[in-house]
Amino acid sequence: MFQFNDEFLKSVGLEELPENQRQDFLEYAQEQFETRIGEVMMNKLTKEQQEEFDKISTDDAGAIQKVLDKYPDYEKDFTYRRLINNGSDELQAKSDFAVVKWLDENFPNYSDEINKILADLQSEIYAQKDKILAA
């Protein structure tokens, strides 16, 4: 998953952002990104799908297990292994894995949508970088 970090700041021309403003700006950018993803998803999913996704993404154990049951060998799955190898604990890895697999099944072009949203956000921030740095 995409990381909002110093590399992101560099990609939008804000590598010179003062240290005391970096974390707040990164949190703002991530919030904007997540909000935009949510808006796109909610417009493309049925009400039932929205409710199901909400349960999975808020760590509802039953909803997560329902997804995991479809993948009896999930612990061997590349996505799950990558989550574990990147430092997620077992519960977080299961939750994130369930979200990814649910999206694969119910919103097949979500990665394209995410990439477009990220590119749009980066372009908007880059266009405003001088104002941001001057603030």
According to salt bridge (charged side-chain N to carboxylate O under 4.0 Å, His left out), who are the partners of D77, at least two apart in sequence or on a separate chain? K101
Main-chain N/O of K76 paired with D73 side-chain donor or acceptor, under 3.5 Å: no
Any side-chain donor-acceptor pair under 3.5 Å between E39 and N43? no
Do the non-hydrogen side-chain atoms of D96 and Y80 ever get within less than 4.5 Å of each other? no
Value for CD (Q65) from CG (D69), rounded to nearest 0.5 Å, stands at 4.5 Å
Do D54 and Q50 get their side chains close enough for a donor-acceptor pair, meaning under 3.5 Å? no
Minimum heavy-atom distance between S95 and I56, given as atom pair plus value: OG-O, 4.1 Å
Under-4.0 Å salt bridge between K44 and E113: yes
Distance from L26 atom CG to F4 atom CZ, nearest 0.5 Å? 8.5 Å
Note: S57 and V99 closest approach over all heavy atoms is CA-CG2, 4.1 Å
Would you say the side chain of I117 lies within less than 4.5 Å of the side chain of D120, judging by non-hydrogen atoms? no
Could you go through L14 and F8, starting from their C-alpha distance and side-chain angles, then the distance that decides it, and tell me whether this counts as side chain to side chain contact (heavy atoms under 4.5 Å, CB included)? CA-CA 8 Å; L14 294 177; F8 173 77; over 6 Å; no
Under 6.0 Å between ring centres, would you say that holds for Y71 and F97? yes
Would E15 and D6 satisfy side chain to side chain contact (heavy atoms under 4.5 Å, CB included), going step by step from the backbone distance to the final call? CA-CA 7 Å; E15 62 271 11; D6 286 341; over 6 Å; no
If I compare all heavy atoms of M41 with all of L103, which pair ends up nearest, and what's the gap? CE-CD2, 3.4 Å
Does Y74 reach the side chain of T79, with side-chain heavy atoms less than 4.5 Å apart? no
Would you say V67 ends up clustered with L91 if hydrophobic residues are merged whenever their side chains have heavy atoms under 4.5 Å apart, either directly or through other cluster members? no
Kindly give the heavy-atom pair with the smallest separation between S88 and I84, and that separation in Å. O-CD1, 3.7 Å
Got a salt bridge between E51 and K55, using NZ or NE/NH1/NH2 to carboxylate O under 4.0 Å? no
Whether E19 and R22 form a salt bridge (side-chain N of Lys/Arg under 4.0 Å from carboxylate O of Asp/Glu) is what I want to check. yes
Residues that Q30 engages under side chain to side chain donor-acceptor pair (under 3.5 Å), provided they are two or more places apart: E34
Review item, side-chain donor-acceptor pairs of residues 124-135, under 3.5 Å, at least two apart:
| residue | atom | partner | partner atom | Å |
| --- | --- | --- | --- | --- |
| E124 | OE1 | R36 | NH1 | 3.2 |
| E124 | OE1 | R36 | NH2 | 2.8 |
| E124 | OE2 | R36 | NH1 | 3.2 |

Considering residues at least two apart in sequence or located in another chain, which fulfil the side-chain contact (heavy atoms from CB on, under 4.5 Å) criterion with Q49? L45, T46, W102, N106
Quick one: pull up CG in N109 and NZ in K116 and give me the separation to the nearest 0.5 Å. 12.0 Å
Side chain to side chain contact (heavy atoms under 4.5 Å, CB included), that's the test. Do Q92 and L83 meet it? Break it down for me. CA-CA 8 Å; Q92 189 61 53; L83 290 164; over 6 Å; no
So, taking the atom named CD in Q23 and the one named CG in L17, what distance separates them when rounded to the nearest 0.5 Å? 11.0 Å
Derivation and outcome, side chain to side chain contact (heavy atoms under 4.5 Å, CB included), residues I37 and Y110: CA-CA 9 Å; I37 290 171; Y110 81 96; over 6 Å; no
Contacts of type salt bridge (charged side-chain N to carboxylate O under 4.0 Å, His left out), residue D60, not counting sequence neighbours: none
Of all residues at least two apart in sequence or in a different chain, which pass the side-chain contact (heavy atoms from CB on, under 4.5 Å) check with E7? N5, K10
